[in-house]
2 protein chains.
Amino acid sequence: MRKVTTVNVNGLRAAAKKGYVEWLTATDAEVVCLQEVRAESHQLADAVREPEGWHAVYAPSSAKGRAGVALLTRREPDAVRVGFGTAEFEDSGRYVEADLPGLTVASLYLPSGEVGTERQDEKERFMAAFLPYLRELRVRAAAAGREVLVCGDWNIAHQEADLKNWRANRKNSGFLPEEREWLSGVLDPADGGYTDVVRALHPEVAGPYSWWSYRGRAFDNDSGWRIDYHMATPGLAGRAVKAYVERAATHDERWSDHAPVTVVYGD
Amino acid sequence: MRKVTTVNVNGLRAAAKKGYVEWLTATDAEVVCLQEVRAESHQLADAVREPEGWHAVYAPSSAKGRAGVALLTRREPDAVRVGFGTAEFEDSGRYVEADLPGLTVASLYLPSGEVGTERQDEKERFMAAFLPYLRELRVRAAAAGREVLVCGDWNIAHQEADLKNWRANRKNSGFLPEEREWLSGVLDPADGGYTDVVRALHPEVAGPYSWWSYRGRAFDNDSGWRIDYHMATPGLAGRAVKAYVERAATHDERWSDHAPVTVVYGD
DNA sequence: CATTCAATG
DNA sequence: CATTTAATG
């Protein structure tokens with residue numbers, strides 16, 4: 001069995017002060033994918049940067065205090081690659097991948113946007129460049145005998161079941177028709193060819209959400225979005241035996257506006 | 001007897017959360033001069049903006065979150081004036097004065113600077129414009145039968161006794177020779193003609209300091225500066241019977257990097 | 001509503 | 001080292 005967790009920490013320094021370290025110490029995951037680290041590794045306390053028993057690789061953004069992804073693995077990766085070959089996003093702290101035996105695992109932080117802003121244009125440019133990469137990655141990994149798992153904050157809810165308030169958000173970034181169609185392309189067997197593992201295991205439920213705004217009572221009312229995904233190649237997705245959102249992990253002392261999304265993959 | 005306090009609150013919203021309100025409730029001062037309010041009045045909670053039993057007048061800076069002075073008086077002022085007639089500083093949140101029977105009282109927040117920066121040039125421009133105003137004010141008030149009291153954060157230590165570390169600070173803004181000479185001009189009977197009331201009552205002591213850096217152990221070591229003054233016309237200064245820094249007011253729960261400076265004036 | 005940063009002090 | 005704002009989310 002192999003347990004993988006993805007979580008957007010919304011600032012690893014802040015999260016570490018509020019309970020992230022305790023959560024990490026308690027987990028028996030073999031891989032943890034982090035997004036929104038929002039720090040360079042030298043800004044992190046030693047115990048946060050390189051926790052006992054983990055190998056860590058950080059891909060910070062060149063813009064200080066922004067984005068930043070990381071991978072924590074119990075075993076040292078055979079190879080690590082930052083970025084996906086598109087110049088604009090190479091140093092944007094949005095993508096890192098690592099090869100483990102039989103698996104390429106990635107931590108993705110897709111840009112968030114707001115309709116009518118340059119940030120939304122950037123999100124769309126990222127999407128346009130990333131989908132072809134996902135296809136390449138799958139083909140290349142298959143040739144090397146590896147499954148692929150792209151975990152992270154994709155900043156798009158796919159279907160109506162993926163956010164509490166879908167009606168009110170049809171014209172908002174994160175649930176725009178073109179974004180939803182793009183995500184359909186990621187999943188389409190004739191296109192990206194990935195499987196949304198959590199949805200595959202829980203086809204009939206609303207959510208489970210993994211992000212709740214800090215505003216109002218969004219968390220208490222479970223008025224959230226499912227925007228953190230495990231996107232896996234079919235061979236790996238078929239081995240998923242359990243998937244859940246660790247809502248409790250951020251409940252007592254909430255250390256991020258996202259909750260960890262964990263999947264157990266069988267051998 | 002009439003008690004007057006001046007205190008730089010270093011952000012009234014932050015101070016209010018940490019003990020300013022309790023301090024104000026406990027004081028029996030008749031006038032309180034505030035500096036570095038760093039808020040527009042609509043950003044202040046009602047109980048902070050208009051405390052029970054006080055008349056309040058705010059002179060915010062047009063630059064959001066910067067400077068800002070205020071006067072709290074138990075009796076409603078006969079008149080209030082913001083600024084001192086120099087265009088550059090009219091909306092800079094650095095000067096407000098009010099007429100009370102027999103007294104014009106002012107709250108001043110003189111710019112702070114750093115040697116070699118534009119901020120220091122601004123400080124010097126302020127000083128150049130403000131000294132003539134202080135003379136005019138004294139003459140005008142005398143004609144109206146009023147004493148004058150200009151309280152506030154002057155951001156200059158006058159003599160070696162006015163800061164713990166005077167040797168190390170001879171080339172730093174706040175203790176530059178030209179700044180100290182300017183303050184001598186404020187006090188010179190043939191020039192500004194004001195009296196440094198606290199120093200007049202405590203001629204022989206080091207301090208009492210009214211500002212301590214938040215860095216290191218400055219407060220615990222009393223490694224401070226005396227930069228908050230009561231500058232009074234001689235008639236009023238002669239009536240001062242007691243002067244002290246309310247170090248304890250910021251000790252238990254320190255709600256500013258400055259402490260209130262209080263003087264009791266006899267009738 | 002929270003995390004960063006930059007400017008200011 | 002603390003308070004703000006700004007940008008970002």
Side-chain angles (χ1 to χ4, degrees), chain A residues 8-18 20 35-40 43-44 60-68 92-94 109-114 117-120 122-123 153 155 172-174 211-220 223 225 227-228 250 253-258, chain B residues 8-18 20 35-40 43-44 60-68 92-94 109-114 117-120 122-123 153 155 172-174 211-220 223 225 227-228 250 253-258:
Chain A
N8 177 319
V9 295
N10 191 26
L12 188 51
R13 284 170 288 182
K17 286 182 192 159
K18 296 196 287 181
Y20 159 79
Q35 301 88 40
E36 280 209 85
V37 168
R38 299 179 70 175
E40 287 161 36
Q43 298 176 300
L44 299 169
S61 168
S62 55
K64 280 184 9 174
R66 307 237 184 282
S92 65
R94 300 201 172 266
Y109 177 46
L110 201 142
S112 64
E114 218 173 325
T117 69
E118 159 58 22
R119 294 274 145 197
Q120 185 66 22
E122 183 188 333
K123 182 176 186 177
D153 178 355
N155 265 315
N172 290 140
S173 180
W211 174 78
W212 305 264
S213 169
Y214 275 124
R215 304 182 204 192
R217 305 224 179 316
F219 185 78
D220 292 338
S223 180
W225 295 51
I227 55 180
D228 301 282
T250 55
E253 171 96 42
R254 211 173 155 201
W255 48 264
S256 173
D257 49 350
H258 295 247
Chain B
N8 177 319
V9 295
N10 190 27
L12 187 51
R13 282 170 288 181
K17 285 182 193 160
K18 296 196 287 182
Y20 159 79
Q35 300 88 41
E36 280 209 86
V37 168
R38 300 178 71 174
E40 287 161 38
Q43 297 176 300
L44 299 169
S61 168
S62 55
K64 279 181 17 171
R66 307 238 184 282
S92 65
R94 299 199 173 268
Y109 177 46
L110 201 141
S112 65
E114 219 173 324
T117 68
E118 158 57 23
R119 294 274 146 199
Q120 184 66 21
E122 184 188 332
K123 182 177 186 177
D153 178 355
N155 266 314
N172 290 141
S173 180
W211 174 78
W212 305 265
S213 169
Y214 275 124
R215 306 181 203 192
R217 306 226 180 314
F219 185 79
D220 293 337
S223 180
W225 295 50
I227 53 180
D228 301 282
T250 55
E253 171 96 42
R254 210 172 156 203
W255 48 264
S256 174
D257 49 350
H258 295 247

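Lettering of chains follows the sequences in order, A, B, ..., and the numbering in each one begins at 1. FYI, side chains are in, hydrogens and waters are out, and symmetry mates aren't considered; it's all heavy atoms of this structure.
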Inset, instruction - For a ring-ring contact (aromatic ring centres under 6.0 Å, His included) with F219(A), tell me which candidate from Y214(A), W211(A), W212(A), W225(A) qualifies. - result: W212(A)
Legend entry - Working for side-chain contact (heavy atoms from CB on, under 4.5 Å), residues N155(B) and Y109(B): CA-CA 8 Å; N155(B) 266 314; Y109(B) 177 46; 3.7 Å; yes
Check whether [X] reaches the backbone of [Y] with its side chain - one donor and one acceptor, N or O, closer than 3.5 Å.
X       : Y       : value
R13(A)  : R38(A)  : yes
N8(B)   : E36(B)  : no
K123(A) : S173(A) : no

Inset, instruction - Scan nucleotides 2-9 of chain D nucleotide by nucleotide, 5' to 3', and note B when protein non-hydrogen atoms come under 4.0 Å of the base, S if they reach only the sugar-phosphate, - if neither. - result: SBSSS-SB
Inset, instruction - Return the nucleotide paired to dA2(D): Watson-Crick means purine N1 to pyrimidine N3 with N6-O4 or O6-N4, wobble means G-U with N1-O2 and O6-N3, both under 3.5 Å. - result: dT8(C)
